[in-house]
Amino acid sequence: MNFVSTRGHAPASSLDDALAAGLAPDGGLYVPAAIPTLEDVAPLPTLAATAQRLLAPYFAGSRLRDALAAMCAEAYAFDAPLRPLAGDGDHALELFHGPTAAFKDYAARFLATALARLHDGDDEDTEIVVATSGDTGAAVAAAFHGRPGFRVTILYPEGRVSPRQAHGLECWGDNVRAFRVAGSFDDCQRMAKAVLADAGLRARRRLTSANSISLGRLLPQMAYYAHASARFHAETGARLGFIVPTGNLGNACAAALAQRMGAPIGPILLACNANDALPRYFGGEDYAAQPTRATLANAMDVGAPSNFERLRHLFGGNDAALRAAIGAVSVDDATIRETIRSAPARHGIVPCPHTATALHALEALRARGDARPWAVVATAHPAKFETIVEPLVGHAVPPPPALAECLARPARGDDLPADDDALRRLLADAPG
Ligand SMILES: *Cc1c(COP(=O)(O)O)cnc(C)c1O
């Protein structure tokens, strides 16, 4: 299978080259040249088996083709249960059972196992530079920690992540370094982009990113939607809709791709925080990036969702078709708080602030009489955001075992000014 750029000015690329490159040379995002169709959508026993079935057509012709089963077994080593909510027959798709208690673990682990296999036998180290608002950095660090041939440099905005998120970024050591940047997430992202685009530096060191535009993160995120919807469809005959907490639009874009491949997925609704570029677009306005606003759901604080270009391309650039297939809502901080406070009694769960946006969207649909089956996508464990969640629900929220283990390790990060040259020097000086 070949991959083309959303901007149409780059040559078609093999999967292996697209995985290694991240961004297409014309600045666009890689998308499959054609969307393959699943012949069989009957449920399979494991998430890993479902992942393998979905990914196989994309890996035809890849050097990794014969390793795909082993890669899926490694990346999807923990489940993504579809948990019934108390009351109305609604569900939560729990994506927080991995090592850093957020959905990004699945794709980060898949990307790591793929790059490690492509890298095998190569003696030059690869430096992964990742700007994070909290969850991406931890998932990438966990996935690459201890892998020979890779080093990870994490940049995160000081004071803008939860204390447990900060610990989860700084607890790795060895081949992982974490830097507290005196600035915003946008500063971190600008610095990462600047070094990744620096030809002089790239001539001396092999640098790559691991952000949500990478195909190696997009494709593996299809698996849990296909897996949950196939089981639901087999049991009920109905297509399960998903309400996806959305920031950069990577996770929801994967749901849309799995749907287009034929997985029995119902409607897709994007739940955004106060950053409302997508709700404005889906409400009929022209797409326009907005300045980023800080909210309680910090992993979704994105003013210009980087995968929008890819989602639009999946619908052939047809805005009417895209708006007919997908909707989006914006949920403000006061509503996030109120949803977290009432969720234990109403739904029998404690949601994280991101999951709360989806839960509120579900409540609004039900209040309007919507009777379709929906699952809210639970993107992170609430214990990661204890300073927000615990005062609202009135009790301690203990971290799951993998997160507890990481919190028990010592943390170590360094300070870095929000300055491109500071990062450039740091990477140029690192032992190569
Ligand atoms: C990253 C993240 C999101 C947003 O996912 P996108 O793929 O960027 O839309 C939502 N919730 C949590 C907990 C996250 O870490």
Side-chain angles (χ1 to χ4, degrees), residues 29 80 92-108 111 130-143 156 160-162 164-165 168-169 185 189 210-222 224-225 242-258 268-279 292 295-311 326 328-331 336 340 350-361 376-386 388-389 400 403:
L29 278 60
L93 178 62
E94 291 184 355
L95 302 183
F96 51 64
H97 295 285
T100 72
F103 81 89
K104 295 186 176 84
D105 280 325
Y106 296 97
L111 178 68
V130 47
T132 183
S133 58
D135 284 342
T136 300
V140 170
Y156 78 91
R160 313 261 180 118
V161 308
S162 83
R164 281 186 184 160
Q165 272 182 312
L169 294 166
F185 169 63
Q189 203 155 32
N211 59 24
S212 75
I213 55 160
S214 163
L215 265 182
R217 285 191 49 200
L218 177 79
L219 298 176
Q221 292 177 158
M222 293 190 291
Y224 34 79
Y225 295 107
F242 290 98
I243 309 177
V244 189
T246 292
N248 261 322
L249 199 46
N251 202 11
C253 201
L257 184 57
I268 295 170
L269 180 63
L270 314 178
C272 301
N273 57 24
N275 291 280
D276 61 356
L278 294 168
T292 303
T295 76
L296 294 173
N298 65 5
M300 294 157 42
D301 290 348
V302 178
S306 51
N307 281 289
F308 179 71
E309 183 171 334
R310 186 177 254 150
L311 185 67
I326 294 177
V329 296
S330 170
V331 180
I336 289 175
I340 295 173
V350 176
C352 86
H354 312 81
T355 306
T357 63
L359 205 53
H360 173 72
V376 301
V377 178
T379 46
H381 193 283
K384 257 185 132 161
F385 304 92
E386 83 285 9
I388 298 168
V389 171
L403 185 59

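Source: prediction; values computed, not measured. Whatever order the structure lists them in is the order used to number ligands and atoms, beginning at 1.
- A donor atom on one side chain and an acceptor atom on the other are found under 3.5 Å apart for T295 and D301.
- With P245 as the fixed residue, the side-chain contact (heavy atoms from CB on, under 4.5 Å) test singles out one of T357, N273, V376: T357.
- Ion pairing between a basic and an acidic side chain is recognised when a charged N comes within 4.0 Å of a carboxylate O; D135 and K384 show such pairing.
- With values rounded to the nearest 0.5 angstrom, F308 atom CZ is found 12.5 Å from L29 atom CG.
- Taken to the nearest 0.5 Å, the CG atom of L403 stands 11.5 Å off from the CZ atom of F96.
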Check ligand 1 for N or O atoms under 3.5 Å from a protein N or O and list each pair with its distance.
| from | atom 1 | to | atom 2 | distance (Å) |
| --- | --- | --- | --- | --- |
| ligand 1 | 7 (O) | G250 | N | 3.1 |
| ligand 1 | 7 (O) | N251 | N | 2.9 |
| ligand 1 | 8 (O) | N248 | N | 2.8 |
| ligand 1 | 9 (O) | G247 | N | 2.8 |
| ligand 1 | 9 (O) | N248 | N | 3.3 |
| ligand 1 | 9 (O) | L249 | N | 2.9 |
| ligand 1 | 11 (N) | T379 | OG1 | 2.9 |
| ligand 1 | 15 (O) | K104 | NZ | 2.5 |
| ligand 1 | 15 (O) | D135 | OD2 | 2.6 |

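- With sequence neighbours left out, H360 forms a ring-ring contact (aromatic ring centres under 6.0 Å, His included) with no residue at all.
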